[in-house]
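Residue numbers begin at 1 in each chain, while the letters A, B, ... track the order of the sequences. The structure displayed is predicted, hence computed values, not measured ones.
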There are 2 protein chains.
Amino acid sequence: MAHGIKFKLNEKLYIKDPQDTTYGQKLLKHSIFLFHKLGFESFTFKKLAKEIESTETSIYRYFENKHFLLLYLTCWYWEWVHYLIDINLMNIVDPKRKLKIIIHNIVNASAENPLTEYINENVLHSVIINEGSKAYHIHDVDKENEKGYYLSYKRLVKKVSDVMQEFSPNFPYPKLLASNLFEMANNQIYFAEHLPDMTEIKNRKRKFDDLEEAMCLITFKLLK
Amino acid sequence: MAHGIKFKLNEKLYIKDPQDTTYGQKLLKHSIFLFHKLGFESFTFKKLAKEIESTETSIYRYFENKHFLLLYLTCWYWEWVHYLIDINLMNIVDPKRKLKIIIHNIVNASAENPLTEYINENVLHSVIINEGSKAYHIHDVDKENEKGYYLSYKRLVKKVSDVMQEFSPNFPYPKLLASNLFEMANNQIYFAEHLPDMTEIKNRKRKFDDLEEAMCLITFKLLK
DNA sequence: CTAAATAGATAGTATTACTATCTTAAAATA
DNA sequence: TATTTTAAGATAGTAATACTATCTATTTAG
C-alpha cells in the first residue's frame with residue numbers, strides 16, 4: 001500500500017501546508033491527539049505548543065486559528081474517505097456492490113493500512129465523530145463555502161449520490177440521502193457511545209458493523 | 001391558545017430560572033436574537049448584557065456560562081416540539097396519521113400561535129438549526145447526560161420511536177430512525193441554506209414543506 | 001559561501017470568562 | 001409602616017485566551 005501519500009487540500013485553509021515539513025507533520029499528529037483529549041472548546045495553540053515542545057508563535061505560522069486546523073483535519077478526513085472509496089471501487093461495476101462498499105467505507109473508516117506516519121486515522125475518525133460538524137457549523141459558513149473550503153465534502157457527497165442514481169435512477173433525493181448517510185454514520189456512533197437511548201446501536205466492539213448493517217438496510221429499502 | 005406557558009426544565013441547567021422573572025425573560029428573548037446574529041462562538045455575556053442594558057454580573061446570576069444558556073434554549077425547544085406533537089396528536093388513533101403529524105411538527109416547527117411573549121419560536125428554530133447540535137457535542141457529554149440534561153431530547157425521540165413501532169412493529173431501528181429524523185430535519189435545512197450541493201431541498205419559501213415531503217417519503221418507505 | 005527560509009524566544013495587547021464585594025432599589029413580610 | 005429579604009447595578013480585579021510584533025539562532029538551498 002502507498003505510503004507517504006499527500007492530499008491536496010484547499011490552499012486557503014493554511015498559511016503554510018503542514019504536510020510539507022516535519023514540524024508541520026508533528027503539529028498535525030499531536031493536534032489530533034489533543035483534539036481527542038480536550039475537545040474543540042478546550043483545545044488551545046498554547047497547549048498544543050507545549051505538547052510538541054514548541055511555541056504558539058510557530059503554530060500560528062501554519063494556521064490562522066484552531067478553527068482552520070480542525071477544518072484542515074476534517075478535509076483531510078473527507079479526502080481520505082474519498083480515497084478509500086476510490087481504490088475499493090476499482091473494477092467494480094455492479095452499483096449495488098458499489099453502494100455496499102461505499103457504506104462500509106463511510107462507517108468503518110478505520111485504517112487497517114495507515115496511509116501516513118503523522119496521521120493516526122483511527123483517532124482522527126474519533127475526532128471527526130465528536131467535533132467534525134463544528135468545522136462547518138459556523139457563523140461564516142457562507143463566506144467559507146464561497147472560498148471552496150468544503151469542496152472535499154461536497155465532492156464526496158456527489159460521488160455517493162451519483163452511484164445512488166446509477167442504482168436507482170428514479171429515486172428523487174440522492175443528494176439528501178448521501179449527505180444524510182455521512183451525518184448519520186457519525187451521529188449514530190456518537191449516540192451509541194454517549195446517548196444510548198437515541199439508537200439501537202450498542203456501544204460495543206461490533207458497533208461499526210452493526211451500524212453498517214443498519215445503513216445498508218435503510219439505503220437499499222429506500223432505493224429499491 | 002394557551003399563553004404564558006412555562007416548561008419545566010432540568011433545574012441544574014440554570015442558577016435561577018429565567019422564566020420566573022421579567023429580567024430573565026428579557027435575557028432569554030435577547031439571547032435568542034444574539035445567538036442568531038453572532039453565532040455561538042462570538043456570543044458573549046458581555047455583548048448580551050449591553051443588548052439588554054444590564055451587566056455581565058447579572059447574567060451570571062442566571063447561567064453558569066453560555067453553554068448552559070444554549071442548552072437551556074435547546075431544551076426549551078425540544079419541550080416545545082414535544083408539546084406541539086402532543087396537542088396535535090390528541091384524538092388521533094391512526095399511527096400513519098400520527099407519523100405524518102409528527103414529521104410536520106419536527107420540520108415545520110414554526111409558531112403560528114406563539115406560546116410566550118419572551119421566546120420568538122421562529123428565531124429560536126433558526127438558532128437550533130445553526131447551533132443546536134453544539135449543545136450536546138461537548139467533551140463532558142457523559143457527565144451532563146448523567147445529570148439528565150438531555151432528557152427532553154431523549155423523551156422526544158422515545159415518543160416518536162414508539163409511534164413508529166406502533167405503525168410498523170417489525171422495523172428493527174425505530175430509535176435510530178427517530179433520532180435521525182430530528183438530526184436530518186435540522187441538517188437538511190442548514191444544507192439548503194448554506195451548502196446547497198448537499199441536498200435536493202432548495203432554499204426558498206417552500207423549503208420546509210419540501211423537506212417534510214421528503215421525510216414522509218423516506219419514513220413510510222422504510223416502515224412499510 | 002551567502003542568502004533565504006524556518007523555528008525559537010520574548011514581549012505585549014485586547015478580549016474572554018469569570019469571581020468578589022459593595023450598594024441601591026424594589027418586593028415581601030411582620 | 002417598618003423591616004428584612006431579594007434582585008439587580010456598579011466597580012474592580014484575575015487568569016486564560018487569542019492573537020501580533022520583533023528579534024535572534026539555526027538550517028537549507030542556490
Undergrad: Is A:Y60 touching bases, backbone alone, or none of the nucleic acid, heavy atoms closer than 4.0 Å?
TA: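 Base contact - A:Y60 has a heavy atom under 4.0 Å of at least one base atom.
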Undergrad: Would B:E79 and B:K8 pass as an ion pair if we require N to O under 4.0 Å?
TA: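 No.
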Undergrad: What's the CD-P distance between B:E56 and C:dA20, to the nearest Å?
TA: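 Between P of C:dA20 and CD of B:E56: 15 Å.
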Undergrad: Measure from NE2 on B:H67 to C1' on C:dT16 and round the result to the nearest Å.
TA: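 Spelled out: NE2 on B:H67 to C1' on C:dT16 is 17 Å.
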Undergrad: Measure CZ/A:F63 against P/D:dT17 and give the value in whole Å, please.
TA: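 The answer, rounded to whole Å, is 20 Å.
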Undergrad: Mind checking B:E64 for me? I need base, sugar-phosphate or nothing, with any heavy atom below 4.0 Å counting as a touch.
TA: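 Here B:E64 touches the backbone only, sparing every base.
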Undergrad: Cationic tip of B:K66 within the cone over B:F40's six-membered ring, i.e. under 6.0 Å and within 45° of the normal?
TA: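 Flagged: B:K66 positioned over aromatic ring of B:F40.
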Undergrad: Without decimals, in angstroms, what is the distance between A:D17 CG and C:dT6 P?
TA: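 So the CG-P distance, A:D17 to C:dT6, works out to 12 Å.
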Undergrad: Whole-Å distance between D:dA16 P and A:K66 NZ?
TA: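 Distance, rounded to whole Å: 16 Å.
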Undergrad: Does this structure show an ion pair linking A:K6 with A:D20, if we count only N-O contacts that are shorter than 4.0 Å?
TA: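 Salt bridge between A:K6 and A:D20, a charged N being under 4.0 Å from a carboxylate O: yes.
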Undergrad: Aromatic rings A:F68 and A:Y149: how do their planes relate, parallel, tilted or perpendicular, breaks at 30° and 60°?
TA: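 Geometry flag for A:Y149 against A:F68: perpendicular rings.
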Undergrad: What does A:K47 touch in the nucleic acid at a heavy-atom separation under 4.0 angstrom: a base, only the sugar-phosphate, or nothing?
TA: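 Result for A:K47 = sugar-phosphate.
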Undergrad: Check the angle between the aromatic planes of B:F63 and B:Y72 and answer parallel, tilted or perpendicular using the 30° and 60° thresholds.
TA: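 Plane angle over 60°, so perpendicular.
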Undergrad: Has the side chain of B:R61 got a donor or acceptor atom sitting under 3.5 Å from an opposite partner on the base of D:dA8?
TA: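 Between D:dA8 and B:R61, which were checked side chain against base, a qualifying N/O pair under 3.5 Å is present.
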Undergrad: Rounding to a whole Å, what distance do you find between B:K46:NZ and D:dA10:P?
TA: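 In whole Å, D:dA10 P lies 14 Å from B:K46 NZ.
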Undergrad: Under 4.0 Å, counting only non-hydrogen atoms across every strand here, what does A:Y62 touch: a base, just sugar-phosphate, or nothing?
TA: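 Sugar-phosphate, no base atom in range.
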Undergrad: Among the candidates D:dT17, D:dG9, C:dG8, find the nucleotide nearest to the side-chain atoms of A:T44.
TA: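 Within the option list, the nearest is D:dT17.
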Undergrad: Does any donor-acceptor pair link the side chain of A:T57 with the base of C:dT10 at a separation under 3.5 Å?
TA: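 Such a pair is found, so the answer is yes.
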Undergrad: Rounded to the nearest Å, what distance is computed from the CD1 atom of residue B:I52 to the P atom of nucleotide D:dA7?
TA: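 Answer to the nearest Å: 16 Å.
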Undergrad: Over how many whole Å does the gap from A:N65 atom CG to D:dA16 atom C1' extend?
TA: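 Checked: the CG to C1' distance equals 17 Å.
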Undergrad: Are B:S58 and D:dG9 close enough that a side-chain N or O sits under 4.0 Å from OP1 or OP2?
TA: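 For D:dG9, OP1/OP2 do have a side-chain N/O of B:S58 under 4.0 Å.
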